[in-house]
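This report concerns only the one structure given below.
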Amino acid sequence: MTRILITSALPYINGAKHLGNLVGSMLPADVYARYMRARGHNVLYICATDEHGTPAELAAREAGQTVEEYCAEQHAIQKEIGAGFNLSFDHFGRSSGPENARLTQHFAARLEANGFIDERTDKQVYSIEDQRFLPDRYVEGTCPHCGYDKARGDQCDNCGRLLDPTDLKEPYSSISGSKNLELKETKHLYLLLEKMQDPVTAWFEAKTDFPALTQAITRKWLKEGLRDRSITRDLYWGVKVLKDGAPRAGFENKVFYVWFDAPIAYIAATEAWAGEAPEGEMRDWRSWWRLDEGAQDVRYVQFMGKDNVAFHTVTFPGAILGSEEPWKTVDALKTLNWLNWYGGKFSTSQKRGIFMDRALDLLPADYWRWYLMANAPESDDVSFTFEHFSSVVNKDLADVLGNFVNRITRFCVSKFGAETPSDGAYGTAEADLVKDLENRISAYTAALEAMEFRKAFAELRGIWVVGNEYLQVAAPWTAFKTDPSAAAASVRAGLNLVVLFAILSRPVIPASAAKILAAFDLSNDDVPAWPETGGSLLTLLKGGESFNPPDVLFKKIDDEQLAKWRIEFGAPEIDGENAG
RNA sequence: GGCGGGGUAGCUCAGUUGGUGAGAGCGCAGGAUUCAUAACCCUGAGGUCGGGAGUUCAAAUCUCCCCCCCGCUACCA
């Protein structure tokens, strides 16, 4: 048994997350966590809302709430939606919690004591009307290169050139539209990453489990040379900057930069998890994070979208190494690409695409979980369309899996009654079936171990298909007329397949798997956590077990529904008639 | 602009230490079947592997040039 620590990138607090966010980190992490638990490992899956920063303050203002109220409310919403998707977090915390403030301040103090932090003075755009400093992208104006009049201070969306806010002509605040801006001096703490080049490089080179994309991105940063980076901001909402336990002189109205405290929240949320231990349960968060307190045997796996690799492989490790304390760092990383909305982008700010809360209004979580994982954007961006989604759901879930369960249970009831038939013995057909299944299960297992999710679920689907193929060949409906006991054995094998499919499918469609098991009056504890090979795959039900054929497991999505959703969500037209 | 990733069948994607006729699922066509959610099962058609040039006995795979999409580019998170 290994202890496996899993974190998924922290979802930002400003509203429900869309399907791209879900499949980019939280869902694959959940599937992996469920699989590893099934293999008997001691898994701790930690996530939290990422609450600090300018967008949270602005979103709160727009909602007419204080930022504290806004975040508390949004956190509760995200937590509830996560539960709706059956995301099996051991703890879903908040980066704004007291543990994170303490830990962030602790890391900053250690870094400063070790000579990795400096105070420096910058000049930055200040909006007099908004009474705040503006991050580069909140300054807009006319691009000096192409004349586009809505260029942002960091980059022009029209010509793609990188900009400095002071390059813009006719600059204005994108928050209020005010042109009453000035360049004002402000003091910030800098993390001296330049001095950390060698330790970070050495740390990275020792990592063997990083996928190619992650390595490429990290190498690029290291190759160009790390640059010192400011880790404070002129904001109200964030972790306060202290010096020797008191507000730091000159930093009374500043907080740590959200990207400094957010990764630390992985640790802080673990501490919060321990703090919520039910009576009688011991939870030692430090044994998961401190190499000197038991974490040397922990395997730490992170899940994230491709956009924030560098924060996890360069700046966060830099902060940890710079503390010169024995903290656990990441062992393996799973990086995902984007899910697109009809070839374009899902957008939180423009409310384009499908968001987690709305998705659950349309269909139960398992429909989405299966589609997203079986089509996960692993090697490249993937385009979501309702057409593709419905074809996957109808075919894989309804026709291949759901119909299998339905056909064998209903046939059994009509010919043998609602209990597993005991007659007849397994023959060569069943022996071949078991052999085939064992090979396929081993391929499925290997893919899950490697976090190759598309491959894994193509294998799982193949296993479901094998069930249908077996029934086709065994044809108990024909055999029943001449050799009822042979038919009984086939039906028993078929019913065992149903249970096997449920066990194997639990990581990805846990609710449906539980529904199948419940039809056989089985709970998770009554069946092996993971199938045991060695020829025993079809022997769990021995005959005489009663069951209730489950209702239709997965309803198909019909054309009428599809058309309605297309309109409701403003789906673009697509070319061709049978796309998907 | 720089760096990285990607471009393979109508759709969504596998496939690179160069090598027997380029794969899967969906969609499409035909067949078989009737236990089942008009489901399942079998067979088949369909691709000059983004474009061009080159290296090689041999290129989806290696080299060079070009086009398109995505990410990063250190103050969005």
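- Here Phe411(A) does not count as stacked on C35(B), because the ring centres are not under 5.5 angstrom apart with planes under 30°.
- You'll find that the side chain of Trp338(A) is closest to C70(B), out of U12(B), U33(B), C70(B).
- Between the NZ atom of Lys556(A) and the C1' atom of C40(B) there is a distance of 10 Å, rounded to whole Å.
- Other residues, nucleotides and ligands contribute more than 12 heavy atoms inside 6.0 Å of the NZ atom of Lys207(A).
- Atom name P, nucleotides C62(B) and U43(B): the rounded distance is 34 Å, in whole Å.
- In this structure, Leu401(A) places its CG atom 18 Å from P of A36(B), rounding to the nearest Å.
- Between the side chain of Gln124(A) and the base of C75(B) there is at least one donor-acceptor pair of N/O atoms closer than 3.5 Å.
- At a threshold of 4.0 angstrom between heavy atoms, the contacts of Asp399(A) are confined to the sugar-phosphate backbone, with no base atom among them.
- Residue Asn406(A) places its side chain closer to A36(B) than to any other of G71(B), A36(B), C75(B).
- Of the C1' atoms belonging to A60(B) and G6(B), the separation is 14 Å, rounded to the nearest Å.
- The base-pairing partner of G47(B), taking Watson-Crick or G-U wobble contacts with both distances under 3.5 Å, does not exist among the strands shown.
- Between Phe303(A) and Phe453(A), the ring planes lie tilted relative to each other; the angle falls in the 30° to 60° range.
- The side chain of Tyr470(A) places no N or O atom within less than 4.0 Å of a non-bridging phosphate oxygen (OP1 or OP2) of C40(B).
- With both pairing distances under 3.5 Å, C13(B) is matched to G23(B) as a Watson-Crick or G-U wobble pair.
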As a quick check of understanding, evaluate salt bridge (charged side-chain N to carboxylate O under 4.0 Å, His left out) for Arg219(A) and Glu205(A), giving each step before the final call.
CA-CA 9 Å; Arg219(A) 284 228 167 74; Glu205(A) 294 301 337; 3.6 Å; yes

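- The minimum heavy-atom distance between Gly353(A) and Trp341(A), with the atom names listed, is CA-CD2, 3.6 Å.
- The residue among Thr54(A) and Asp396(A) whose nearest nucleotide of RNA chain B is located toward the 5' end is Asp396(A).
- For the P atom pair drawn from U12(B) and U17(B), the interatomic distance equals 27 Å after rounding to whole Å.
- Nearest heavy atoms, Glu57(A) versus Tyr236(A): OE2-N, 3.0 Å.
- With ring centers used as reference points, His188(A) lies 6.0 Å or more from Phe133(A).
- When rounded to the nearest whole Å, the span between CD of Glu452(A) and C1' of A24(B) equals 15 Å.
- Rounded to whole angstrom, the span from the CD atom of Gln155(A) across to the C1' atom of G1(B) amounts to 11 Å.
- Checking Tyr371(A), Phe404(A), Tyr367(A) one by one against Phe554(A), the ring-ring contact (aromatic ring centres under 6.0 Å, His included) holds for a single residue, Tyr367(A).
- With hydrogens and angles ignored, no donor-acceptor pair closer than 3.5 Å exists between the side chain of Glu224(A) and the base of U73(B).
- To the nearest angstrom, C1' of C40(B) lies 5 Å from CG of Asn468(A).
- Rounded to the nearest Å, the gap between the C1' atom of G15(B) and that of G19(B) is 15 Å.
- Nucleotides A32(B) and G71(B) are separated by 50 Å at their C1' atoms, to the nearest Å.
- Between C70(B), A77(B), A36(B), one nucleotide has an atom nearer to the side chain of Lys345(A) than all others, and that is C70(B).
- Checked against C76(B), A39(B), A74(B), the side chain of Tyr138(A) finds its nearest nucleotide in C76(B).
- Residues Val552(A) and Lys515(A) share a closest heavy-atom pair of O-NZ, 4.5 Å.
- Contact of Asn403(A) with A36(B) (side chain to base): a donor-acceptor pair of N or O atoms is detected under 3.5 Å.
- Only the C1' atoms considered, C41(B) is 22 Å distant from G46(B), to the nearest whole Å.
- Taking atom P on both A59(B) and G21(B), the two are 12 Å apart, rounded to the nearest angstrom.
- Minimum atom distance to the side chain of Pro55(A) is reached by A77(B), of the listed C75(B), A77(B), A74(B).
- Atom P of G25(B) sits at a distance of 39 Å from the matching atom of C65(B), rounded to the whole Å.
- Here G71(B) presents its P atom at 11 Å from CG of Asp157(A), a figure rounded to the nearest Å.
- Side chain of Val258(A), nearest nucleotide from C40(B), A77(B), C3(B): A77(B).
- Atom C1' of nucleotide G71(B) and atom CD of Glu378(A) are separated by 17 Å, given to the nearest angstrom.
- Comparing A77(B), A36(B), G25(B) against the side chain of Arg410(A) picks out A36(B) as the nearest.
- Residue Arg461(A) is classed as a sugar-phosphate contact, given heavy-atom separations below 4.0 Å to backbone atoms only.
- Out of A74(B), G71(B), C75(B), the shortest distance to the side chain of Lys306(A) is found at G71(B).
- Of the candidate nucleotides C75(B), U33(B), C26(B), U33(B) has the atom nearest to the side chain of Gln472(A).
- Taking atom CG on Asn337(A) and atom C1' on C70(B), their separation rounds to 8 Å, with Å as the unit.
- Each of G2(B), C41(B), C40(B) was ranked by its minimum atom distance to the side chain of Glu469(A); first place goes to C41(B).
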